[in-house]
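Let me begin by presenting the structure, written as structure tokens, before commenting on it.
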Amino acid sequence: MTTHTTRMLILGSGPAGLSAAIYGARAGLSPIVVQGIQPGGQLTTTTDVENYPGFREVIQGPWLMQEMQAQAEHVGTRMMWDTIVEVDLTKRPFRLVGDGGDVYEGEVLVIATGAQAKWLGLDSEEALKGKGVSACATCDGFFYRGKKVAVIGGGNTAVEEALYLTNHSPDVTLIHRRDSLRAEKILQERLHANDKIKVIWNKEVESFVDGGGTAGLVALELRDTVTGELSRVDVEGGFVAIGHHPATELFRGHLKLDADHYIEVETGSTRTSVPGVFACGDVMDKVYRQAVTAAGTGCMAALDAEKFLAEADFEKVAEAAE
């Protein structure tokens with residue numbers, strides 16, 4: 001068992017965690033990033049990225065994350081391949097334990113563990129991810145301009161994604177397994193008032209149909225939740241919008257979480273309910289969930305952490321002088 005110590009410990013290696021690392025390293029805090037179960041975060045499972053500032057051409061998600069990691073390491077970040085299984089936030093330095101027994105201690109902790117989209121769990125869905133099947137209309141809707149698309153779900157996220165997709169597609173179908181939506185009334189009113197959207201009730205996706213070769217998704221096979229009858233709707237894009245899971249299981253009982261289990265932070269900052277612990281990226285943001293916003297809050301977390309440490313250091317000097 002090895003103990004790794006640092007002034008700034010960062011948990012998570014997506015855009016939020018690596019941006020925090022870059023700023024922390026440049027401030028001389030010698031950050032350690034524990035990469036977690038999915039090194040590089042969700043962007044490593046994304047192919048074409050067209051909305052990250054600074055690149056006129058389409059770039060690849062895994063390449064972008066490799067570049068972010070290389071930049072973080074170049075300025076002094078240590079990357080650790082480990083998965084944290086235990087945390088102690090009762091005193092500083094904070095203590096985290098990896099699944100192999102290594103201990104990580106940090107004077108401040110930045111949590112950037114992200115959130116995962118919920119999927120339907122179908123084999124055909126897995127096979128067509130990035131080939132017509134997506135869980136983010138804001139990320140991928142642009143690639144389906146002028147094409148027929150469908151959104152699966154019935155909550156706020158599904159309705160918002162359907163409305164957003166009308167910016168690109170003249171033919172959007174919302175598919176819901178019940179006969180009424182769970183979305184807020186004002187969103188439902190906007191949905192029903194939009195003539196580009198039609199709703200198919202009491203249907204669930206039985207399978208995503210692969211057109212073979214380079215065709216990708218060509219249709220959805222649906223099952224009626226009342227009669228069991230099968231039907232088919234032809235689409236070129238299918239967006240699964242049934243919610244997200246923030247990766248906060250480790251912190252339940254240690255930090256204040258909201259009703260949806262996202263980490264609560266003070267308005268306008270990344271400070272959590274425990275002084276010296278900061279949260280950034282999708283683990284605290286259930287509204288925007290974009291790579292660029294995650295990177296922005298990663299910067300905020302590093303600046304908040306640097307300020308916290310500077311104040312703590314000043315207090316130590318003042319106490320020693322008394």
Any ring-ring contact (aromatic ring centres under 6.0 Å, His included) pairs touching residues 238-275, not counting sequence neighbours?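 Applying ring-ring contact (aromatic ring centres under 6.0 Å, His included) to every pair that reaches into residues 238-275, excluding sequence neighbours, yields Y144-F239.
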ILVMFWY cluster, [X] and [Y] together (side-chain gap under 4.5 Å):
{"X": "W119", "Y": "L174", "result": "no"}
{"X": "V274", "Y": "L9", "result": "yes"}
{"X": "M80", "Y": "V97", "result": "no"}
{"X": "M8", "Y": "L303", "result": "no"}
{"X": "W201", "Y": "V233", "result": "no"}

Is it the case that over 12 heavy atoms from other parts of the model lie below 6.0 angstrom from the [atom1] atom of [X]?
{"X": "R190", "atom1": "CZ", "value": "no"}
{"X": "Y288", "atom1": "OH", "value": "no"}
{"X": "K118", "atom1": "NZ", "value": "yes"}
{"X": "E249", "atom1": "CD", "value": "yes"}

Applying side-chain hydrogen bond (donor to acceptor under 3.5 Å, both in side chains) as the test, list every pair that has at least one member in residues 75-86; sequence neighbours left out.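 Listed once each, the pairs are D82-Y104.
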When you measure from the side chain of [X] to the backbone of [Y], do you find a donor-acceptor pair of N or O atoms at a distance under 3.5 Å?
{"X": "T297", "Y": "G281", "answer": "yes"}
{"X": "E125", "Y": "L120", "answer": "yes"}
{"X": "S124", "Y": "F208", "answer": "yes"}
{"X": "N202", "Y": "V226", "answer": "no"}
{"X": "N156", "Y": "E184", "answer": "yes"}
{"X": "T2", "Y": "D102", "answer": "no"}

Inter-residue atom distance [X].[atom1] - [Y].[atom2], 0.5 Å rounding:
{"X": "L257", "Y": "M284", "atom1": "CG", "atom2": "CE", "answer": "13.0 Å"}
{"X": "T225", "Y": "E204", "atom1": "OG1", "atom2": "CD", "answer": "6.5 Å"}
{"X": "T166", "Y": "I197", "atom1": "OG1", "atom2": "CD1", "answer": "5.5 Å"}
{"X": "I242", "Y": "R177", "atom1": "CD1", "atom2": "CZ", "answer": "7.5 Å"}
{"X": "T173", "Y": "K196", "atom1": "OG1", "atom2": "NZ", "answer": "14.0 Å"}
{"X": "Y23", "Y": "E306", "atom1": "OH", "atom2": "CD", "answer": "11.0 Å"}

Hydrogens and angles aside, do S169 and D171 bring a side-chain donor and acceptor to less than 3.5 Å of each other?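 S169 vs D171: no donor-acceptor pair found between side chains.
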Students often mix this up, so state it plainly: with edges at 30° and 60°, are the rings of Y52 and F55 parallel, tilted or perpendicular?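 Taking F55 first and then Y52, their aromatic rings sit tilted (interplane angle of 30° to 60°).
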Least distance between heavy atoms, G40 atom then S13 atom: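 Of all heavy-atom pairs spanning G40 and S13, the closest is N-OG, 2.9 Å.
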R178: what forms a salt bridge (charged side-chain N to carboxylate O under 4.0 Å, His left out) with it, not counting sequence neighbours?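 None.
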